[in-house]
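See structure below.
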Amino acid sequence: MATFTLKSFTGLRQSSTEQTNFVSHVPSSLSRSQRRNSLRVTAARSSPKLANRNLRVAVIGGGPAGGAAAETLAKGGIETILIERKMDNCKPCGGAIPLCMVGEFNLPLDIIDRRVTKMKMISPSNIAVDIGRTLKEHEYIGMVRREVLDAYLRERAEKSGATVINGLFLKMDLPENWDSPYLLHYTEYDGKTGATGQKKTMEVDAVIGADGANSRVAKSIGAGDYDYAIAFQERIRIPDDKMTYYEDLAEMYVGDDVSPDFYGWVFPKCDHVAVGTGTVTHKGDIKKFQLATRNRAKDKILGGKIIRVEAHPIPEHPRPRRLSKRVALVGDAAGYVTKCSGEGIYFAAKSGRMCAEAIVEGSQNGKKMIDEGDLRKYLEKWDKTYLPTYRVLDVLQKVFYRSNPAREAFVEMCGDEYVQKMTFDSYLYKRVAPGNPLEDLKLAVNTIGSLVRANALRREIEKLSV
Amino acid sequence: MSISMALFSPPISSSLQNPNLIPKISVSLLSTKRFSLVSVTRASSDNGTTTPASASASTTTVEIPKVVAEKATVKSPAESSSASKNGAVGGEEADLATTTVIKFQDAKWVNGTWDLKQFEKEGKTDWDSVIVAEAKRRKWLEDNPETTTNDEPVLFDTSIIPWWAWMKRYHLPEAELLNGRAAMIGFFMAYFVDSLTGVGLVDQMGNFFCKTLLFVAVLGVLFIRKNEDLDKLKGLFEETTLYDKQWQAAWKEPDSDK
């Protein structure tokens, strides 16, 4: 039985002397059986209004998370500054966004290069299964170019009133008191001072760290580390006749040769395909895995020309601390990438928006100072909404990406219509839909059957090699 | 892409070893006749400018009616795709002398699936041989990953093999083994408990402690078959709870993490 109190709160109580009203909080004792977070901290409802100014919040990083956060903050009446180090950053990314993102973020349809409505899953023994028969007319997976999407979200934030600065965040000085500002050190790039930029500082009341997998904001607040995967991708321009095959089809290759714990992919982009793979445990062999992926897709990308090679770390799980006082992490910086599918764009944008909404609400549209309790509300809401999704995908990864027999069973299962329907429903709309119990039972039986058969074949293979 | 060229050596060496392995296996198995290996050479038919040596690509087709395959001319399982991709960029990098592609071929593998009619024995399909054939195919592909093509898609689905064929081949022998172990353990435990406490078999069955011991013994026989299984089970348990712990870390006290 542990009493969970925040050290910062006890500090608050002692240091704030001039405040007329104190921040009241209820330390809640956590029982072992209550595994869900039951940290209940009331917000600074009683903190005084900010005199003569609105709340100033800096968003570090201008990707989907930063752009979405900055837009929501600016619309909520908060003075927002967005710092992005490379405005035309062409990020190495699959670039797939679910259907719900288009609706929720009001994305114009012209930033979507392609609508993928068919997918092919290919097992280690090249058994190919077509997925997508259950999709309705208006359903698709959108393929975007990251530079286009990120720029659009940043522009929208700017139009809503945020200030966008082209600069590189260096470090930040943490405040001494509960209402002292954070001092950010950054290098501003403008045309005049050339490539090296100019060192500047800025005082803000709160910071949203949306600066990606190698987040400096996370380092500044001691958020801790996470395991990460390396994703390696080559963009290949293939001849037009081969491109028609990938018109609206994406491929996923599984197998020990392609990746020991992830999958290799061929995703169509605007006028080329992206062929890539990733791994957590065998990062040193990534080039070998990439060659194997290219080999598996060889016939279909024959005659292609590699136009770009890129690689990036992808977080595997959230950082131990996702917020600290008035700094919160969102997106890849927080580690919100799902397992199994490695999806991160939607969760980045959504977490940016959720965090910004929490700040807007806690500060009552920028009139009041916020504190950690307001940001914790964002964490609570996030965990409540999406933890089931993350858990399910983690289980899927653990069960089906273990070994070649498991992957064979996985591909076999994907051929089932019910599985396809459930998978697409949960991917496109981000809800873990309760299915038909009878079908679920049939699915469970079929899954076990597939796994048993695949493992039996593996035992046969082992007998052969003896 | 000179880096990627340097990395060609690992795939080449690993797949060179294996063609020699497989023939030895096919010798030892009785059903060698079915497994005929044909190495097919495919000259890369992309932009002919890149591989000047493609003209010299020798066509070697080696038939193994029964036994060993000589893969003398297998130089490089064709990474012709990379040569073609570097097309305009690095024509001089194409030092792949031959573009030999070894594909899985078998007389009974027709149109991307097993032709069940060829597996018939006494008028009925011999499912055991289908299972063995599929296992061989998978093993071959694990050692020599192949490209997927749209012309010859793989359509085989293991669920066409009836459930009783799987049962007979895998479940029953294992069940026999485990039941045998359980019976031996049961007999000797019953004897020891009787000799130590004087409680006979019928009275043991009525005792709660003995019943618990029986339950533990059954679970042990089921789950712990090798010495490594103990550690594996422990690791599995930790694995199932790890992800949750990582998510809950944000809600713990700050100093517990540092």
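Chain A is the first sequence line, chain B the second, and so forth, proteins listed ahead of strands; every chain is numbered from 1.
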Heavy-atom cut-off 4.5 Å, strictly under: side chain, backbone, both or neither for [X] against chain B?
{"X": "Pro318(A)", "answer": "both"}
{"X": "Asp227(A)", "answer": "side chain"}
{"X": "Arg237(A)", "answer": "neither"}
{"X": "Tyr390(A)", "answer": "both"}
{"X": "Ile122(A)", "answer": "side chain"}
{"X": "Glu462(A)", "answer": "neither"}
{"X": "Ala297(A)", "answer": "backbone"}

Query raised in the report: Is the backbone N or O of Val280(A) less than 3.5 Å from a side-chain atom of Asp261(A), with the two atoms forming a donor-acceptor pair by type?
Result: yes

Query raised in the report: If you count heavy-atom pairs under 4.5 Å with chain B, which of Lys120(A), Arg459(A), Lys463(A) comes out on top?
Result: Arg459(A)

Query raised in the report: Counting heavy-atom pairs under 4.5 Å to chain B, which of Val129(A), Asp257(A), Val452(A) comes out on top?
Result: Asp257(A)

In terms of heavy-atom proximity below 4.5 Å to chain A, should [X] be classed as side chain, backbone, both, or neither?
{"X": "Trp166(B)", "result": "side chain"}
{"X": "Pro153(B)", "result": "neither"}
{"X": "Glu174(B)", "result": "side chain"}
{"X": "Leu155(B)", "result": "neither"}
{"X": "Glu142(B)", "result": "side chain"}

Requested in this report: Using side-chain contact (heavy atoms from CB on, under 4.5 Å) as the criterion, list what pairs up with Asp256(A), not counting sequence neighbours.
Outcome: Asn404(A), Arg407(A)

Query - Donor-acceptor pair between Tyr246(A) and Glu251(A) side chains, under 3.5 angstrom - result: yes

Query raised in the report: Quick one: do the Thr158(B) and Glu412(A) side chains pair a donor with an acceptor below 3.5 Å?
Result: yes

Report task. Answer whether the closest heavy-atom distance between the side chains of Trp247(B) and Arg391(A) falls below 4.5 Å. Result -> no

Query raised in the report: Val266(A) versus Leu249(A): any side-chain heavy-atom pair under 4.5 Å?
Result: no

**Report entry** Presence of salt bridge, Arg169(B) and Glu460(A), under 4.0 angstrom
**Finding:** yes

**Report entry** Pick from Ile131(B), Thr240(B), Thr148(B), Leu242(B) with the largest number of heavy-atom pairs that fall under 4.5 Å of chain A
**Finding:** Thr148(B)

Query raised in the report: Do you know which of Asp151(B), Leu141(B), Asn150(B), Ile161(B) has the most heavy-atom pairs under 4.5 Å to chain A?
Result: Asn150(B)

Query - Distance flag, aromatic centroids of Trp382(A) and Tyr386(A), threshold under 6.0 Å - result: yes

Report summary line: Shortest non-hydrogen pair, Val221(B) vs Arg181(B), comes out as CG1-CB, 4.3 Å

Query raised in the report: Which of parallel (below 30°), tilted (30 to 60°) and perpendicular (above 60°) describes Trp114(B) and Phe104(B)?
Result: perpendicular

